[in-house]
Amino acid sequence: MTGLADYTTLGLGGPAKNFAAAATETDLIDAVRAADAGGEPVLLLGGGSNLVIADDGFPGTVVHVRTRGVSYADAGGQVDVTVAAGEDWDDVVAAVTAEGLAGVECLSGIPGRTGATPIQNVGAYGQEVAEVITTVRVFDRLASQILIFPNERCRFSYRSSLFKAETPGRYIVLAVTFRLNRDSRSMPVKYAELAAELDVEMGERAGVSEVRSGVLKIRARKGMLLNPGDPDSRSAGSFFTNPVLSAAQFARVEAAAAGPVPRFGAGDGRVKVPAAWLIEHAGYGKGYGSPARARISAKHTLALVNAGDATTADLLALARDIRDGVRAAFGVTLEPEPTLVGVTL
Ligand SMILES: Cc1cc2nc3c(=O)[nH]c(=O)nc-3n(C[C@H](O)[C@H](O)[C@H](O)COP(=O)(O)OP(=O)(O)OC[C@H]3O[C@@H](n4cnc5c(N)ncnc54)[C@H](O)[C@@H]3O)c2cc1C
């Protein structure tokens, strides 16, 4: 049996009943079809950087997506880059940035494979893949056919999409097409910390390569860049999403807080509040938890880390402790960002 801890960035997860590595699209579809025909549960696995898998493992077929291939096509003044699901995401960002193509430079250093990027509409430093994806090619397990979803049918929203929200697991992402600008200057910088790092004003542009290196520097400081030498990077990235609150909910948070509460407009009178701020102000600081098992990263309040000897049960106990503490302090229930497999919060 294949131990899934070797395939997740948390280094957690028990064995898979069956494990199939799919190097071609045909292998990928065949593996999923065979499991479906046998009534086996299926788990698609990319880089394992957004997965929290039970200590008991997975009682079905894990399909590891290893398909390869990147192609470029002219799209007027822009370029369409079509990428197979199994391509490492940061290798793609590095390659297109080196070509002087703009649109994904702020998404540098995000671990995992390209096929997972539309699932939770990967985003960072003011950019999201939803802004540049034109189509997502999928295998629909229910209809047993290949479909092409144009961007507007993917229902992208903050850290979500149709693929995550509606019948999770129904659609297997085979390839993603991104439309990038032939412009070696970045998209306008929308994130204050990045603007400061690059020494530009908010809304100004910088070179795409400069933005990439700025983002990688910030990520390394926060333990948000995978690095075997950095124990704080043994995580699934941000464990909780930033809650989107109604005006009434936000008023309750403000009333409970001792000082001003940071917020960003989220449309329709709603606001997004940084989960990291809520966690810190509920009394859970960096490093909180067990020094050898599960703890909050020493560099970033939103990342929960396997400090070496943790189990998935330890990590979830820590997550529940934090969620309950934030709820008691502010009346806000934080939601997990990673996909939980065989466990609940
Ligand atoms: C240090 C660190 C930093 C991170 N920073 C960010 C960040 O800044 N922004 C951000 O958005 N995320 C971030 N993440 C989370 C994670 O990297 C992304 O969500 C990434 O896209 C997951 O890719 P993956 O290949 O590892 O997916 P996995 O973890 O393998 O899978 C994630 C989910 O997608 C499904 N899936 C995977 N591939 C496919 C496919 N081909 N078809 C259908 N379903 C599929 C899986 O079944 C699972 O439900 C970070 C994670 C870490 C560890």
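In this chain, numbering begins with 1 at the start of the sequence shown.
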Side-chain donor-acceptor pair present, Thr82, Thr177, cut-off under 3.5 Å: yes
Closest heavy-atom pair and its distance - Leu245, Gln249: CA-OE1, 3.3 Å
Side chains of Asp55 and Thr312, donor plus acceptor under 3.5 Å: yes
For Ala329 against Ala282, the heavy-atom pair lying closest together: CB-CB, 4.0 Å
Any donor-acceptor N or O pair under 3.5 Å, side chains Asn181, Gln78: yes
Under-4.0 Å salt bridge between Glu204 and Lys190: no
Parallel, tilted or perpendicular, as decided by the 30° and 60° cut-offs, for the rings of Phe149 and Phe163: perpendicular
Atom CD of Gln145: over 12 foreign heavy atoms under 6.0 Å: yes
Steps toward side-chain contact (heavy atoms from CB on, under 4.5 Å) verdict (Val42, Val63): CA-CA 7 Å; Val42 173; Val63 182; 4.2 Å; yes
Trp277-Tyr284 aromatic ring centre distance below 6.0 Å: no
ILVMFWY network linking Val136 to Val104, side-chain heavy atoms under 4.5 angstrom: yes
Non-hydrogen atoms of Val173 and Val176 that approach each other most closely: CG1-CG2, 3.8 Å
Face-on cation placement of Lys17 at Phe58 ring, 6.0 Å and 45° thresholds: no
Minimal non-hydrogen separation, Arg33 against Ser144, with atom names: NE-OG, 3.1 Å
Over 12 foreign heavy atoms within 6.0 Å of CG, Asp74: yes
Charged N-O contact under 4.0 Å between Glu99 and Arg182: no
Presence of salt bridge, Asp88 and Arg113, under 4.0 angstrom: no
Salt bridge (Lys or Arg N to Asp or Glu O under 4.0 Å) assessment of Glu337 paired with Arg159: CA-CA 8 Å; Glu337 183 186 299; Arg159 285 308 85 75; 5.1 Å; no
Over all atoms of both residues, closest heavy-atom pair of Ala275 and Leu334: CB-CD2, 4.0 Å
Side-chain touch Leu225/Lys217, heavy atoms, less than 4.5 angstrom: no
Between Glu105 and Thr97: side-chain donor-acceptor atoms closer than 3.5 Å: no
Member of Val70, Leu101, Val83, Val79 meeting the side chain to side chain contact (heavy atoms under 4.5 Å, CB included) criterion with Val96: Leu101
Heavy-atom closest pair, residues Gln127 and Leu107: O-CD2, 3.4 Å
Residues Arg295, Asp232: salt bridge by 4.0 Å N-O rule: yes
Electrostatic pair Arg137-Glu25, nearest N-O below 4.0 angstrom: yes
Test log, rule salt bridge (Lys or Arg N to Asp or Glu O under 4.0 Å), inputs Arg66 and Asp27: CA-CA 10 Å; Arg66 299 187 189 170; Asp27 290 350; over 6 Å; no
Arg212 with Asp90: basic N within carboxylate O range, under 4.0 Å: yes
